2 protein chains.
Amino acid sequence: MLATVGRRARNKADKQQRIFEAASELFTGLGYSAVTTQMIADRADVGTGTLFRYASSKGELLMMVMNERMRLDTREGIAAAASGTSPTEAIMALLAPQIHPLPDFPENTAVYQREILFGAEQGPYRTEALARISELEKAIGDILRRFASTPWVRPGVDLNGAARTTFSTLHMELIRVSIGREDPQTLTATLRSHVDVLLYGVLTQR
Amino acid sequence: MLATVGRRARNKADKQQRIFEAASELFTGLGYSAVTTQMIADRADVGTGTLFRYASSKGELLMMVMNERMRLDTREGIAAAASGTSPTEAIMALLAPQIHPLPDFPENTAVYQREILFGAEQGPYRTEALARISELEKAIGDILRRFASTPWVRPGVDLNGAARTTFSTLHMELIRVSIGREDPQTLTATLRSHVDVLLYGVLTQR
DNA sequence: ACAAATTACGGATTACGCTCCTAAATGATT
DNA sequence: AATCATTTAGGAGCGTAATCCGTAATTTGT
């Protein structure tokens, strides 16, 4: 008994680690569709059956890898948002890390978005990604509350709803860029414009 | 030669028709994932090889079927939008047919959205769906211009961009409902609220 | 009317994600 | 130590989307 963590737990952690590294290297090196689950299993030196008890689908394997970066980007964004000088700029600072120059294959970003939106209900890695998104949505709400103290917020406006709309736009813009329908160069400007319109509206009066 | 359209063309149209009907019946009867391409081929009485020269993937087969409805819904929405009494209501009238009570399996709607967003670049049926969306975005722009004659529109606001944001929200809400993350009952109200905020903004001043 | 060229057809076959089931490893019990 | 129970491993096998390529049907040319 004693203080050992148990051989079993250690083996499990080892395998988990090997699988993570194998998946990470292969996906970022070759792109999602060029990687087969067999390759990942081989490189991690586990059987295919084993692979799928550590991640329930190929998509979850990708999320496992991508979540790592998103965790850092989220932390970074939340820190940066604190020093924004206007609501628009604070939100942009929050989201900027998420729209990083799509470092690896754009395909990976596209699949990541796809899995977040359409992936299996109870996958742990998808759940983690969704939690991160909730965190960011909450941060947007906080920014709005900070800058626009109550009298500034139009009566009847649901701030959580507004945060969600902002995120809908982010999702869609990320998708448009990652599938090649939009130039990555324009992404930041486009997003800023959308955020600005959302905050101050299209029309000046009813 | 004469006035014949050519036997080949006629056969082709026949097969196309049979495939459409088979796909339509099976998808709406059983839901996307319960239908195999083999079933569609059998019911349409063609070989699997043949099936895939009329639609390049299973997803395109679904789009072929769903586009039919979307074409009607779009026409209907554009007509209805003409008699909206406020910008918000006009836009809601435009979009209402698209958020129909998800008549068949919600899964079909989810896959439809997925294919529109992530499907293969040059699929003809996806292209058609995208064209329909462009049409609706343009209609939103028209509504805004109609109701909010120039002095009303905040200077510097890109109306096409605003239309796109509206659609991002629609996409995302449709997805949320179709994968079961949101109650279909609340969809209309949620969407209206989002549109309203988009039009009049979150904040009252800069 | 026949031959040559082109296009369409379809099922055997493949690739791949994922499951299933046996066997092995580990931990508990006495 | 020995036995039993429980958890973990892994690879053979399965289902299915999609392709490949030999064959058949149709059109065009003479």
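This one's a predicted model, so the numbers in the text were calculated from it and none came from an experiment. Below, each value reflects all heavy atoms present in this structure, side chains not excepted, and no hydrogens, waters or symmetry copies. Per chain, numbering begins at 1; letters A, B, ... match sequence-line order.
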Q: Please check the phosphate of C:dT26 (OP1 and OP2 only) for any side-chain N or O of A:N11 closer than 4.0 Å.
A: yes
**Q.** DNA chain C: 5'-proximal contact among B:R53 and A:T37 (nearest heavy atom)
**A.** B:R53
Q | Distance test, side-chain N/O of A:K15 to OP1/OP2 of D:dT8, below 4.0 Å | A | no
Q: Looking at every strand, decide which applies to B:S57 at a 4.0 Å heavy-atom threshold: base, sugar-phosphate, or nothing.
A: sugar-phosphate
Q. Is there a donor on the side chain of B:T48 or the base of C:dG10 sitting less than 3.5 Å from an acceptor on the other?
A. no
(Q) Can you tell me which nucleotide in D:dT8, D:dA17, C:dC16 comes closest to the side chain of B:T36? (A) D:dA17
Q.
Taking A:R164 first and then B:E173, would you say they form a salt bridge - that is, a charged N and a carboxylate O separated by under 4.0 Å?
A. yes
(Q) Can you see if the side chain of A:K58 gets near the phosphate of C:dC18 - specifically, an N or O under 4.0 Å from OP1 or OP2? (A) no
(Q) What I want to find out is whether A:R146 reaches A:D142 closely enough, with some N-O distance under 4.0 Å, to be called a salt bridge. (A) no
(Q) Any base atoms under 4.0 Å from B:T50, or only sugar-phosphate, or nothing? Heavy atoms, all strands. (A) base
(Q) To the nearest 0.5 Å, what is the distance between CD1 on A:I175 and CZ on A:R181? (A) 10.5 Å
Q) Does a nitrogen or oxygen in the side chain of A:Y54 sit under 4.0 Å from OP1 or OP2 of D:dT8? A) no
